[in-house]
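See structure below.
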Amino acid sequence: MAVTEHPPPSRLRSWMLEGLSDMGKGGGHTGPHAEPEPPHKGQRWYRVMCLTGVDYFSTLGYQPGIAALAAGLLSPIATIVLVLVTLAGALPVYRRVAEESPHGEGSIAMLERLLSFWQGKLFVLTLLGFAATDFLITITLSAADASTHLVENPHLTSTLHNQQMLITLVLVALLGAVFLKGFLEAIGVAVALVGIYLALNVVVVCVGLWHVVTAGHVVTDWSHALTAEHGNVFAMVGVALLVFPKLALGLSGFETGVAVMPHVKGDQGDTEDNPAGRIRDTKKLLTTAALIMSVFLIATSFITTLLIPEKDFESGGPANGRALAYLAHHYLGGAFGTVYDISTIAILWFAGASAMAGLLNLMPRYLPRYGMAPHWARAVRPMVIVFTLIGFLVTWIFNADVDAQGGAYATGVLVLISSAAIAVTIAARKAGQQGWTIGFAVISAVFLYVTVANVIERPDGVKIGACFIAGIILVSLLSRLARAFELRVTSVTLDPMAERFIRDIASRKIRFIANQPDSRDKAEYRDKIDQIRADNDIPGEDFVFVEVTVLDPSEFEASLTVHGEVLHGRYRVLTLESSSIPNALAALLLHVRDETGCTPHIYFEWTEGSPFHNFLRFFLFGQGEVAPVTREVLREAEPDRTRRPRVHTG
């Protein structure tokens, strides 16, 4: 099929667009989540758990401090509520997501399959906006918290005081630079980081619990203060439920856990259609990660609430955004505390890397396939530059403040979990599983409540998400408009009857008639031939009809299968299905030209009505101004006029 020839690209352009042809095809992964592993290869599930764990477990760097600020003395009880929602809500949902999308597509792909046409595309674009919020805020919030650990280190405080913004921007820029260079061996690095980080946290938790147990008055003072402030257990639980949305950051990591599924080593009998071993081990991954995190969340919220003065959690306080590091320095000394700070900074920075990989995996999976992104959006490096610049902007807007970004992060996380819960509810209902349907529906209601409560209390998240959504939709529609005249057909396949028709007419003159099928009776084809002969002043009846049926006009790229049939004993008809009539016709004409070496001719009648109205019909519904658009698609695809198929309109 003909393509436009371009001058050789510059070295910079070649470097920037390296890997362009491979990106976004078949749901390919990029970045740390690089090429998906074949079914029988890959890594053991506990190693892959560390890849998602750099996102999930790294929240220990700031979650205890956020919980203390949100719930005060109630932090341990509110955290227990968070753990219950995690184990009884998010975990079952994502175990089901792993079953329904075993190749790492996640809940967005599940919902995409349930909705078609433009409403489905717009819904996916909306979810992509919130996913972008989640991943980008992960990058900026993790970098901000890493810089907090650096600035508040007792050995560096005097040197780095008031430099948090600059350090955060440098960390974001470093992350972008690493992805521009290329990111390899991510799982090995993640295993080392997670192993060291969790081991250090075990030490801090054990020492903290020892001090709580040996200083008995600490527990007594806390329980008396709690009773005096809230009265009884029921009031405490009620308040804990009210503040729970502020703790939703502790639910992050599940969507990433599904995204890394292609790296999990399956069984020998696994196939791409039925990777049972991979699904089973991914469920182990999700369950183990949730249990480990649940234990750490409860233990850390308990020791930080009891051992750290409440004023130290406030903005500017030594425990703000680094509660566990505060305890490490206070009880284990500067040397251990500095090692803990380095480990925390490393895993927080790598959490940003995992989030960047999630963005580079997610956007090329959808936008280019929808025709809603330029071609370069399939390549890693241009997208890295775009996301890094957006990261700079978000960091500047929030002044590199961890607490200020918590609302936006929680909104992104909650919207994705809510959409996943709705997706698995629909999947269970379609499978006729009444019990699971009711259970998932209840979980969906809980997450929707939490999402709405979070949005009402902290609207920054939905504002940032709305900006991303508006930006994605605007860029998508402009890109779709700019690419409307592309060929948009990946391949053309003719069945034996269609090939026979082409071989036959190629020995004479290749003449096609574009026909919009109606009743498909004998009179329709006879009258159409008479009209074409009269309009174009050509003799004979040696024509082949071409009829295109539009399936989903919102789709952009697709393969084309052409079927041949003889109707009423004399009329040869080629039928094909596509998202756009003009683009499909242009692709067929170029394919016939390339196969036969002859120039095909196609005949149209003018479309009645306003040209602008007809163009909108083409843009939205794949039909309308067929004749001129077919000619324009051919002109774009074949710059050599002498080799271009001929378009006749009468």
Side-chain angles (χ1 to χ4, degrees), residues 27 29-37 42-61 63 86-87 90-99 101-109 131 134-135 137-139 141-142 175 183 185-198 201 248-266 275 278-297 346-362 409 412-413 416-417 420:
H29 289 56
T30 60
H33 306 168
E35 288 297 322
E37 302 284 356
Q43 304 277 343
R44 301 298 298 172
W45 64 267
Y46 48 83
R47 287 177 59 84
V48 181
M49 181 187 71
C50 294
L51 188 56
T52 183
V54 293
D55 179 14
Y56 195 22
F57 299 145
S58 68
T59 56
L60 290 172
Q63 178 70 14
T86 298
L87 298 180
L91 180 58
V93 164
Y94 277 93
R95 284 171 62 93
R96 182 59 179 259
V97 171
E99 286 183 19
S101 59
H103 304 297
E105 303 96 328
S107 57
I108 295 179
D134 180 5
F135 287 127
I137 297 295
T138 298
I139 293 170
L141 185 146
S142 297
L175 180 66
F183 211 111
E185 302 301 332
I187 291 181
V189 175
V191 170
L193 287 177
V194 169
I196 294 171
Y197 183 67
L198 291 184
N201 274 290
L249 295 181
L251 293 168
S252 67
F254 280 100
E255 194 76 24
T256 311
V258 175
V260 299
M261 275 190 74
H263 293 291
V264 176
K265 184 177 182 180
R278 178 181 291 173
I279 293 172
R280 181 196 64 240
D281 285 351
T282 300
K283 289 182 177 180
K284 291 181 184 177
L285 180 159
L286 294 169
T287 303
T288 305
L291 290 173
I292 291 173
M293 190 63 172
S294 296
V295 171
F296 273 110
L297 284 173
I347 197 170
L348 284 167
W349 182 85
F350 206 79
S354 183
M356 179 71 83
L359 283 167
L360 295 174
N361 169 48
L362 200 61
Y409 189 20
V413 170
L416 289 181
I417 293 181

Problem - Residue pair Lys265 / Asp281: nearest heavy atoms and the distance that separates them - result: O-OD2, 3.5 Å
Fill in the blank from the handout: d(Thr86 OG1, Leu297 CG) to nearest 0.5 Å is 7.0 Å
Practice task
Hey, could you give me each pair passing salt bridge (Lys or Arg N to Asp or Glu O under 4.0 Å) that has a residue in residues 42-60? Not counting sequence neighbours.
Solution key: none
Exercise for the section: Find the distance between OG (Ser101) and CD1 (Ile108) and round it off to the nearest 0.5 Å. Expected result: 10.5 Å
Handout entry: Distance (rounded to the nearest 0.5 Å) between Leu348 CG and Phe57 CZ
Key = 14.0 Å
Practice task
Could you tell me which residues satisfy side chain to side chain contact (heavy atoms under 4.5 Å, CB included) with Pro102, sequence neighbours excluded, listed by chain and number?
Solution key: Met261, Pro275, Ile279
Completion exercise
Closest non-hydrogen contact found for Ala351 with Thr138 is O-CG2, 3.9 Å
Practice task
Could you pull out all residues at least two apart from Tyr94 that satisfy ring pair (Phe, Tyr, Trp, His ring centres under 6.0 Å)?
Solution key: Phe254
Check: residues 284-295 side-chain donor-acceptor pairs under 3.5 Å, at least two apart:
unit_1 : atom_1 : unit_2 : atom_2 : d
Thr287 : OG1    : Arg95  : NH1    : 2.8
Thr287 : OG1    : Lys283 : O      : 2.8
Thr288 : OG1    : Lys284 : O      : 2.8
Ser294 : OG     : Ala290 : O      : 2.6

Problem - All side chain to side chain contact (heavy atoms under 4.5 Å, CB included) counterparts of Leu193, not counting sequence neighbours - result: Val189, Ala346, Phe350
